[in-house]
Each structure stands twice: as C-alpha cells, then as structure tokens.
Amino acid sequence: MSGRHEKEKGVNVQVLLRCRPFSEDELRNNAPQVVTCSEYQREVAVSQNIAGKHIDRVFTFDKVFGPSAQQKDLYEQAVIPIVNEVLEGFNCTIFAYGQTGTGKTYTMEGECKRSKSGPNGELPPGAGVIPRAVKQIFDTLEGQNAEYSVKVTFLELYNEEITDLLAPEEISRVGLEDKQKKQLPLMEDGKGGVLVRGLEEEIEATPEGEELIKCGKLNLVDLAGSENISRSGAREGRAREAGEINKSLLTLGRVINALVEHLGHIPYRDSKLTRLLRDSLGGRTKTCIIATVSPAVHCLEETLSTLDYAHRAKNIKNKPEVNQKMMKSTLIKDLYGEIERLKAGHQLLIYTFNSEVYAAREKNGVYIPKERYYQEESERKAMADQIEQMGVIIETHQKHIEELQDKHDAQQNLNQTSKLLASTGDELRRCQYTLKEKDFIISEQKKAENALAHQACVLRSDLEKSLKDNASLFLKIAREDKLSADNRSVVNNFQAELAEQLGSLCNTGFHINVSAK
Ligand SMILES: Nc1ncnc2c1ncn2[C@@H]1O[C@H](COP(=O)(O)OP(=O)(O)OP(=O)(O)O)[C@@H](O)[C@H]1O
C-alpha cells in the first residue's frame, strides 16, 4: 500500500496468534489437544467433541506462531519491522492479550532474569519482545552514529490505579508500609494525547548533533488475563460493588466493538487503559496485538473467546502518521516550558518535603528551634490542606473538562449525523427521481410487451392454421400415392394378363397358319 493511500484509508491493526506448548502439568495429565496451528496458512483450528456437540472452527490471523515457535522467530518475523518503524518516527504499540497462563509475560518479557546473556551481549534465547526491542533500538541508534535520546517509562495499571514501577525504592517502600501505593493521575497533553503526570523517566542522552529531531514511541503492553472480561461481564452488577471488576479490560472490549461496528461514540474515556491506548486503537499509532492461547482442552472456552476477540480486533483501522520532525531548539523550548509548569505545580510540595527528606537521609535528624518547628509544622499542615484542596479542584476541573469533552464529542456526533441526514435526504430525492424515470420506462416497456404479445397470438393462430392445412395436404398426398399404387398394380396385372393372353393367342395363330399352308 502506498504511503498516501495508507494515510487516507488507514491500516488494520495487525493481529498475531501464539499458542504455547503444553505445560508439564498438562503433559502429566495427558490433557487432550484442541488447538492446531498452521503457520504457513496463518490458520488456527479449534476442534472438540463436547457432550455430542462438535466444535470445529478455523480462524485466520496476520501471523500464527505454533507451540514450537521460539522467541527469536516471533521477534524476527513480527517485531523487527515494527521497531524499524518506530525508528523512522512512527508511534507503535504492541500488546499481549490472552487468558492467564497462556504466555503473555513470556512473550513480552520472556525468561531473561534466570539466563545469562551471550559473550557479545547477545540476549538469551528465552528473551522476549521487550529486551529484544530495547537491544534493537540501541544497536540501530548506535550503528547510525546519530545523536539520540531515549526515554523509558514503566508503569502498572491495576484496578484503575497507575503505579510507577521506576519510582525510587524509598518511595515504593513508604507507599507499601502505608498500604497505599503512590498513584499517578492521567492528563491530556493538549495535543490529542494522554500522559501520566509525574512518571519517572530514565533518560540517556548523547552530545550535540544535528538540528532536526525525529521522534518515535514504542508502547509495550502486557495486559491482565482476559478471562477477567467474561467474569466481570457475567457478574457486572455485583462485581462493580465488590470492586472486583476489571474495568480496563471490559472497556477495551467495548472500545474494540465500537470501533469495529463504526459506532459514533467510542468509550475511550471509560477506563484508564483505553485512555492510555486511545491513539493505538483507531488513532495515529501502528498497533500489533499478540493474542496468546493454550493448546489444552480445559482452556477451550477462553481460547475461543480470545480467538473471537482477536479476530474482531483485526478490523480496527488506524491512520498512522510519522511524527513531525522538530527543530532541536523548538523541542528544547517545549521542554523548558514543561519544566517551568512542573516547577510551578510542585513548588509547594518540594518546599514542604525538603527538610523532612534531608532529615531522613542523614538519619541523625536536624536541629530546628521549637518556635520555628511549630511554625513550619502549622505552615506544612496549611500547605498540605491547600495541596489537598488544589487536588480536589484539579480533579473537579478535570471531570468538568471530561464532561465538556463528552458533550463536545456528542455535539460533533450530532453535527456529523445532521450532515449525514442532509446528504441522505439529497440522495433520497435523487433516488425518487430515478425511480420515477424507471417507472416510466417500465410502463412503456409493458405497453410494447403487450403489443408484441398480441402480435404473437395472431402469428400463433396463423401458424396453427397453416399446420392444419399442411396436415390435410399430407393426407391428400398419401391418398393420391395409394391411388397411384393401386393403379400401378392394376396396370401390372393387366399387362401380365395381356402378355399371357397374347402368348396363348400366338400359339393358336401359329397352328392355324401351319394348317392353312
Ligand atoms: N511459548 C512458550 N514457550 C514456552 N513456555 C511458555 C510459552 N508461553 C508460556 N510459557 C510458560 O507458561 C507459563 C505461563 O506463562 P505466563 O506467565 O507468561 O502467562 P501470562 O499469560 O502472562 O499469565 P498472567 O495473565 O497470569 O500474567 C510460564 O511458565 C511460561 O514460561
């Protein structure tokens, strides 16, 4: 597909299917196999007899990896091209989707921790998509000898709470002791994207280089077990109250359905996961879903549900665009602006915690005069209250913005629908006119048909009459033939009789002649 065509029409989300091998438990229990993969034909077949009912279904995907496929195979065939596109300046997302225990983490992270890397920094065979992608990115950037900067963020989204997995340990520990992890809010970035405010970023940067900057982003997502969807769906009412619902996966399913069915409203805003993945589902990001399944019979129901879900997701269209190249000076200006904004927002917080953090680090404590201590304490409390209030205000504003955004979306939908209605009205009028024209043509044709039918009737009766005449002519001919045959036999008889009589007459004459001499 040409670049322009791709941009206008959009490209489908790429969906890969990976079936893991039997686990040791399954092998020990001789678990029957219900899934067979045909990598060459890109097909996955599921067949099983249950209580006399035969299940036999075949699904086709963009790529299929059977139980014997190695991490390297999947990476080389499916992920290398995606990472190359990130390096070209596209935003790409790869996410693993499937039932618990089917190999999402194995595929995304792999088994790196337990194995050692090779002598030349090669990754162990068990390494999954994430370490391989990181290696490819650095190897390529270093090979290009260009100036580059790589930012890494690592977050966990669980039950609608975002936690920073790169946050320094002290913070995590404090959070855990308090039975409360540090939660991070989601913010709109003002450019149609979403960002997680306050997320730690690991940056590496190299010295000065060219003026133009190319940016690409790679999101690597390991989702929770997909069986949560059906569970939460089945018991939605109670589950929501009990706080068990996995809102993210449920909303992801709804977003996929809405995109596939081209519904006007896509419920991205209903969960943090779909807000984070908004651009990857129907947006400007190139997306690849790796659906994982087990080959064993006891997972059949979930396997079918994963296959249906993934197969449906194949129809989502994204419109990938290369991120605009930026002048380095513009980028730096943007970053300074961002820093100033962050500083303004967090100034109070930084000031308040400064002395505490210092004391905690030194472990010896610090000397503060009593009055100053009380004064600072009350100021701290006041500031903490103020921060809390600001948090509430921000939250209210954010809700308000979300409501406005929803209203705006609804208004846009309404406008689109009105436009559609107007163009449908025009179309209807055009159709009605065409219909009238066709009616006229049909009535004229009917008239001509009637005249033809009448003529055909006349011709038919003429033909029938001619046939009758012909038949009587044939009878006449037959009679004449018979008559001439009869005549011919009379003549023949007469000839024979005449000949006989002449014969006898001759004999008699001769005798007379002789005696006369
Ligand atoms: N393709 C594979 N080849 C070999 N072993 C695999 C493969 N896929 C998964 N496994 C093994 O299966 C087990 C479960 O895999 P994994 O933990 O990755 O599942 P998961 O889908 O991430 O589950 P959860 O949703 O609970 O996180 C692991 O022991 C893993 O090593």
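Positions are given from 1 along the sequence. Computation of the quantities below employed the complete heavy-atom set of this structure, encompassing side-chain atoms and omitting hydrogens, waters and symmetry-equivalent molecules. Ligands are counted one by one from 1 in listed order, and the atoms in each one are counted from 1 as well.
Atoms OG1 and CG, from T60 and L307 in turn, are 11.0 Å apart once rounded to the nearest 0.5 Å.
Some N or O of T105 is nearer than 3.5 Å to an N or O of ligand 1, by distance alone. At least one N or O atom of G101 sits closer than 3.5 Å to an N or O atom of ligand 1. Looking at ligand 1, you won't find any N or O of T107 less than 3.5 Å from one of its N or O atoms.
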Item to check | From CA spacing to verdict: side-chain contact (heavy atoms from CB on, under 4.5 Å), L277, T285 | outcome: CA-CA 9 Å; L277 290 181; T285 297; over 6 Å; no
Next on the checklist: Show, in sequence, the C-alpha distance, side-chain angles and deciding distance for S47 and I55, and conclude whether the side-chain contact (heavy atoms from CB on, under 4.5 Å) test is met.
Outcome noted: CA-CA 5 Å; S47 59; I55 295 175; over 6 Å; no
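Side-chain contact between Q99 and V293: absent, with no pair of heavy atoms (C-beta onward) separated by less than 4.5 Å. Between Y75 and Q136 there is a side-chain heavy-atom pair separated by less than 4.5 Å.
Listed by number with element, the atoms of ligand 1 under 4.0 Å from a non-hydrogen atom of R18 are 1 (N). The ligand atoms of ligand 1 that sit less than 4.0 angstrom from a heavy atom of Q99 are 21 (O). For ligand 1 and K104, the ligand atoms under 4.0 Å from any heavy atom of the residue are 18 (O), 19 (O), 20 (P), 21 (O), 22 (O), 23 (O), 24 (P), 25 (O).
Within the 4.0 Å heavy-atom criterion, neither part of S23 lies near ligand 1. Within the 4.0 Å heavy-atom criterion, the part of E111 lying near ligand 1 is the side chain and not the backbone.
Evaluated by nearest non-hydrogen atom to atom 12 (O) of ligand 1, the leading choice among E109, M108, R20 is R20. Closest heavy-atom approach to atom 18 (O) of ligand 1 among the candidates F65, Y106, Y97: Y106. Atom 16 (P) of ligand 1 has its nearest heavy-atom neighbour, among G103, S68, G128, C19, in G103.
The aromatic rings of Y97 and Y309 sit parallel, their planes meeting at an angle under 30°, below the 60° perpendicular limit.
The closest approach between T292 and ligand 1 stays at or above 4.0 Å for every heavy atom of the residue.
Each of N12, D62, I289 was evaluated against K314; a single residue qualifies, D62, per the side-chain contact (heavy atoms from CB on, under 4.5 Å) test.
Within 6.0 Å of the CD atom in E24, the count of heavy atoms belonging to other residues, nucleotides or ligands does not exceed 12.
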